[in-house]
Amino acid sequence: MMNWDELEQTCLSCRKCGLADTRTHVVFGVGSRDAEVLFVGEGPGENEDLQGEPFVGRGGKLLDEMLTIIDLDRTKNIYIANIVKCRPPQNRDPLNTEQDACIGYLRNQVSLLRPKIIVCLGRIAAMKLIKEDFKITREHGQWFQKSGVWMTALYHPAALLRDPRRKPETFDDLKSIQAKIREVCDHTY
Ligand code: URA
């Protein structure tokens, strides 16, 4: 097993798929390597590609506000990563081939972190990590247990920016995540 720094160095020089040709930065992930809660998005957008950090655009600002509601902070008590580490051109959904080329990095991040809870941000991450027929409108906020890890999904912050009518449901989902953290985590709060 690689350690965190070895995994990050390997990932930063990855050329496993075509996204390597168009990226500015590999977006490996951010947060505490001792976190009990892992958030997973789909892949970097333009701002993330330019800065090398997940969720730093308008959606990132909203995500940070959502996290603050339940006393979570990307610099303190969670880790944030993506299914694919490089930006898909024009922010299209990552292809299945690109997801399959990249998912090993996320699996290694999960092995190192050993999170108690994984929160998928949006449909793409939920379909990859929870179940392939995941329906985000019906199943956001529901809990699934997979190999000892509690998993749920929230609407993607970009979806909430497009359709703010989904914010009240998301508030309920955040409160459910807070309750689950109190139940199963020992050093998040
Ligand atoms: N959207 C994502 O899914 N991930 C990011 O890092 C940024 C935007």
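Side-chain atoms are counted along with the backbone in the values below, which use heavy atoms only and exclude waters and symmetry mates. Note that ligands are numbered from 1 as they come in the structure, with each ligand's atoms numbered from 1 the same way. Sequence positions, counted from 1, serve as the residue numbers for this chain.
Classification of Lys167 and Asp172 as a salt-bridged pair fails, no side-chain N sitting under 4.0 Å from a carboxylate O. Between Lys131 and Glu139, at least one side-chain N (NZ, or NE/NH1/NH2) sits under 4.0 Å from a carboxylate O, which counts as a salt bridge.
Ligand 1 has no nitrogen or oxygen under 3.5 angstrom from a nitrogen or oxygen of Pro54. Considering backbone and side-chain N/O of Glu42, one or more are found under 3.5 Å from N/O of ligand 1. When only interatomic distances are considered, the shortest N/O to N/O separation between Gly45 and ligand 1 does not fall below 3.5 Å.
Which parts of ligand 1 touch Gly41 is read off a 4.0 Å heavy-atom cut-off, strictly below it: atoms 3 (O).
Hydrophobic clustering keeps Phe55 apart from Val27 (ILVMFWY residues linked when any side-chain heavy atoms are closer than 4.5 Å, directly or through intermediates).
Ranked by closest heavy atom to atom 6 (O) of ligand 1, the top entry among Asn82, Val84, Val56 is Asn82.
Counting heavy atoms from C-beta outward, Gln109 and Leu112 have side chains that stay 4.5 Å or more apart.
The shortest contact between atom 1 (N) of ligand 1 and any protein heavy atom is with His156 NE2, 3.2 Å. Of the protein's non-hydrogen atoms, the one nearest atom 2 (C) of ligand 1 is Gly43 O, 3.0 Å.
Ring geometry, Tyr79 versus Trp4: the interplanar angle falls from 30° to 60°, so the pair is classed tilted.
Judged by the 6.0 Å distance and 45° axis criteria, Lys180 is positioned over the aromatic ring of Trp143.
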